[in-house]
Amino acid sequence: MRLAEVIVNRPAKQLNKPFTYEVPDALGVVPVGTRVAIPLGRGKEEGIIVGYVPETVSLNFTVKPILSVLDKTPWFTSEMLATAKRLSHYYLCSYPDALRLFTIDKKELKSYERPKVAWLYPEPFLTVESIPARKKRQREAVAYLLSVGGASYDMLKEQGFSLPIIKQVSELSGVRREEKYRHTYTNYDAREIPDIPLTTAQAKAYAPIHDAIIHRRFSSFLLHGVTGSGKTQVYIKAAAACVAENRIAVILVPEIMLTDQMVTRFVEAFGDEVVVFHSKLTISERYNNWERLRRKDSHIIIGARSAVFAPTDDIGLIVVDEEHDGSYKQEDMVRYHARQIALWRAESNSCPVILGSATPSIDSYYKAKKGIYTLLELPERIHHQPLPTVLLVDMKEELLHGNYSVFSDAMTDLIQRTLEKKEQMIMLLNRRGYSTFVMCRECGEPVNCPHCDVSLVYHRANEALRCHYCEYHAPVPEVCPKCGSRKIKFFGSGTQRVEEELAKRFPRARIARLDQDVAAKKGRGEDVLHGFAAGEYDILLGTQMVAKGHDFEGVTAVGILTADSVLNIPLYTAAERTFDLLTQAAGRAGRGKSEGHVVIQTYNPLHYAIIKSKAHDYKGFYKEEIEAREALGYPPCGEMIHFRMQHEKKDKAMQIATAIVEELSKVFDNDVEVLGPYEEGVNRVRNLYRISVMIRGDTLSDVKKYIYHSWIFTQDGLAIDVDPM
DNA sequence: TTCACCGTGTCT
DNA sequence: GACACGGTGAAG
C-alpha cells in the first residue's frame with residue numbers, strides 16, 4: 001500500500017501538518033506536488049501530496065484512500081513546495097496558507113480541469129446533404145463548419161446558432177469534437193527579439209547581470225537609477241538574454257493597472273512572448289497564462305505582487321521594479337513581501353534578481369552597502385535632462401501672511417505659469433474624499449463611524465459620509481447627533497474638495513482626479529491616465545498613485561500640497577516613505593524637453609526627508625536615516641514582529657495580548673525587547689478592538705521557531721506581521 | 001474551516 | 001423533555 005503525506009488546503013492553523021492517505025493502485029503514479037481530492041471528516045477536500053512515507057511505519061489511526069487526482073502534471077514543483085515551507089516558517093503562517101499562494105484563487109472543488117473550450121471539426125465525408133432537409137438550422141451549422149473548417153462553441157453562438165442546435169451538430173457522426181485550451185489572451189505579432197541598444201551607463205550596469213543570466217547563477221542586484229535614467233531598458237535587455245536561454249523571466253511591478261507603460265514597452269519588444277498577470281483576470285485567463293508559461297509558449301510574465309508565485313521551476317530572471325514600493329508587502333492574511341520571495345525563488349532557480357528603484361528601500365541599500373547585493377548605478381537621466389528644481393514652501397509662513405487656502409502663493413504661481421505655457425501639471429494630495437472630518441461647531445463632537453474608531457469622511461459624489469475602514473456610510477446629519485445643533489461643519493480638504501477649489505480658481509483648466517474612488521471603478525483609472533497622457537487634461541490631481549512611475553512627456557510641473565501627511569504617521573518608515581513619495585513625485589516633472597518645476601508645501605521644512613528630497617540627494621538621506629535606525633535598532637539594523645489581537649471585547653483582546661507579552665518576555669528575557677500591549681491610533685475597526693504587541697531584536701529566528709510551535713501561532717483573532725512596515 | 005459533540009439555559 | 005445556543009476539539 002502506498003502512503004502519501006497530504007497537506008489539506010484549508011486555512012486552519014490546526015491543519016498545519018501533513019495527513020496520511022492511501023494512494024489506490026488504480027490511480028497509477030502520482031508524483032509529489034500533485035493536487036488530489038481527499039476525504040476529510042465527513043466532507044471532501046483538496047489536498048497536495050508533499051511526500052511519501054514508507055509502508056513500514058506503524059500508524060495509530062486508520063488511513064483513508066485518496067479519492068481522485070486533480071492534476072495531470074503536478075501543479076507544485078519541488079522548488080515551489082520548498083519555498084512555501086520556507087515562507088511559512090519565516091512569515092509565521094501555516095504551510096497550507098503558504099501553498100495556497102501558488103495556486104489560482106478558486107473557491108470550490110468542482111472543476112480542477114483547466115478551462116477548455118469545445119471545438120467542432122467536420123470529418124472529410126461530412127456533407128450538408130447528409131442532414132435531413134427539414135433540420136434546417138443543423139444544415140446551416142454544418143455548412144458553416146465546412147466553410148471555416150472548424151469552430152468553437154462560442155464562434156457558433158456568435159453566428160446565431162442556439163446551444164441545442166450546436167449540441168445536436170456535435171453529436172453527428174461526421175463531426176469530431178475536440179477540447180482545446182481557452183485562448184483568451186491578446187495575440188500579438190510574434191517577432192524576432194530585437195537588438196536592444198544601451199547607453200554606456202546602462203551597458204555597464206547590465207554587464208554583470210548578463211553574466212549571471214548566462215551562467216545561471218544566483219545573484220542579487222540593486223539597480224539604483226534616478227528617475228528617467230532608463231532602468232526599463234536594462235530590464236528588457238536582461239529579459240531578452242533570459243528568453244534566449246529558454247528560461248522564464250518574471251517582471252514584478254507595484255500595481256499593474258498603473259504601470260502599463262512597462263507592459264507596452266515589453267510587448268513592443270517581445271510580442272506574444274509576454275503574458276500579463278493581474279487580479280482582474282478571470283480564472284480561465286489565469287490558467288491559460290500559466291499554461292503558456294509552463295509550455296514555454298511565452299517566456300515573460302509581467303505582474304504585480306502575486307506573480308512572484310509563478311508556477312514554473314525554470315525561472316531565469318526576476319525583476320522587482322520600484323522595489324521600495326509598499327504594495328509589494330501583502331498587508332492581510334499571509335503578510336509576505338514579494339521582494340523577499342523573489343530572492344528565495346531566484347536562489348533556488350539559480351538566477352539573478354534585479355531590484356530596481358530611483359529611491360531604493362533603506363533595507364535594500366543597506367544590504368547593497370554590506371555587499372549582500374551588488375550595487376549598480378545609473379546616475380544620470382537618459383537624455384541628460386536636468387532634474388527638476390524644487391521649491392519648499394513653509395505653510396506656517398503662509399498662514400502668518402494671511403493665506404489660509406490650500407494653495408500657497410508659490411503653488412498658485414506654478415499652476416498659473418504652467419497653464420499659460422500650455423504644459424501639464426501633477427498635483428499630489430494624500431487624502432481622498434471631500435472633507436476629512438465633520439464636526440459640530442457647538443459641542444465639538446466629531447461624527448465618527450459607529451463600528452470603527454475613526455471619523456467619517458464626507459464624499460461629494462453621493463452627498464454621503466463614508467468610513468474609510470469599513471463599508472459604513474450615512475447621509476450627512478442635519479443636526480448634531482449629540483446636542484441637536486445645526487452648526488455641522490466640514491473640516492480638512494480631500495482630493496474632491498481640492499478639485500472643486502482648482503476648478504473655481506482656474507476655470508479654464510481641464511482637471512482630472514485620480515484616487516481610490518476613481519480607480520475602484522473598472523477601467524476608469526486607466527482612462528484618466530491615458531487621457532492625461534494624450535493631453536486631454538492640464539492638471540492631474542490625485543493621491544499617491546499619481547506619483548508612481550508614470551512617464552508623461554508633457555508634465556513640467558508637480559505640486560505637493562501636504563508633504564507631511566505621511567511624515568506624521570507614527571511609523572519607523574515615515575521618513576523613508578515621505579522621501580520616496582516626494583522624490584518619486586518630483587521625478588514626474590520635466591521628463592520631456594522642458595525643464596521641470598516642483599513646489600512642495602510643508603509644515604516641516606527643516607526635516608531631513610524633505611530637505612534631502614529637495615536636493616535629489618538619496619545618499620544623503622540614506623546616511624541620516626540609517627543612523628537613526630541604527631540608534632534605535634529598527635530594521636534593517638534589527639528585526640521586528642508585530643502582533644495584533646482583535647476581539648469584540650476589549651479586555652479579552654488585552655488579556656491575550658498580555659499573555660503574549662508575558663510568554664515572550666519570560667522565554668526570551670535578554671534577547672529581545674517586547675513592547676506592549678498597546679493600542680494603536682485606530683483601536684477599533686468593524687466592531688473589533690485591536691491591541692498590539694511588538695517585538696524587536698537583532699535576530700528573531702529563534703523567536704519565530706518558538707512561536708511556530710506555541711499556542712500563539714494558533715491563537716484565534718491574532719494577526720502576526722513579520723517585518724512590518 | 002467545518003462539523004459533531006457537550007453542557008447550559010430556555011420554553012413548553 | 002425538546003430544542004437552541006455557544007464553546008471546544010478533531011480531522012488521516
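Below, chain A is the first sequence line, B the second, and so on; all start at residue 1. Basis for what follows: all heavy atoms, side chains included, without hydrogens, waters or symmetry-related copies.
- Using a 4.0 Å heavy-atom distance criterion, A:Thr20 is classed as a base contact.
- Atoms NE2 (A:His647) and P (C:dG7) sit 8 Å apart, rounded to a whole Å.
- Taking a cutoff of 4.0 Å between a charged side-chain nitrogen and a carboxylate oxygen, A:Arg86 and A:Glu347 qualify as a salt bridge.
- Within the nucleic acid shown, A:Arg42 comes within 4.0 Å of sugar-phosphate atoms alone, with no base atom in reach, counting heavy atoms only.
- Heavy atoms of A:Gly41 sit under 4.0 angstrom from primed sugar atoms or phosphate atoms, though from no base atom.
- Atom-to-atom, OH of A:Tyr21 to P of C:dA11 comes out at 11 Å; the value is rounded to the nearest Å.
- Here A:Phe61 lies parallel enough and close enough to stack on the base of C:dG12, with planes under 30° and ring centres under 5.5 Å apart.
- For the pair A:Ile7 CD1 and C:dA11 P, the computed distance is 16 Å after rounding to whole Å.
- In this structure, A:Asn16 atom CG and C:dG12 atom P are separated by 17 Å, rounded to whole Å.
- Here C:dA10 presents its C1' atom at 8 Å from NZ of A:Lys17, a figure rounded to the nearest Å.
- A salt bridge does not link A:Arg466 with A:Glu471: every distance from a Lys NZ or Arg NE/NH1/NH2 to an Asp or Glu carboxylate oxygen is 4.0 Å or more.
- Remark: P of C:dT8 and CD of A:Gln14 are 12 Å apart, rounded to the nearest angstrom.
- The distance between atom CG of A:Leu40 and atom C1' of C:dG9, rounded to the nearest whole Å, is 14 Å.
- Looking at A:Arg524 and A:Asp517, no side-chain N of the basic residue comes within less than 4.0 Å of a carboxylate O on the acidic one, giving no salt bridge.
- Because its NZ or CZ atom is not both nearer than 6.0 Å to the ring centre of A:Tyr689 and within 45° of the ring axis, A:Lys649 does not count as a cation-pi partner of that residue.
- Note: CD (A:Glu46) to C1' (B:dT1) measures 14 Å, nearest angstrom.
- Residue contacts shown for A:Glu22 are absent, as no nucleic acid heavy atom lies under 4.0 Å away.
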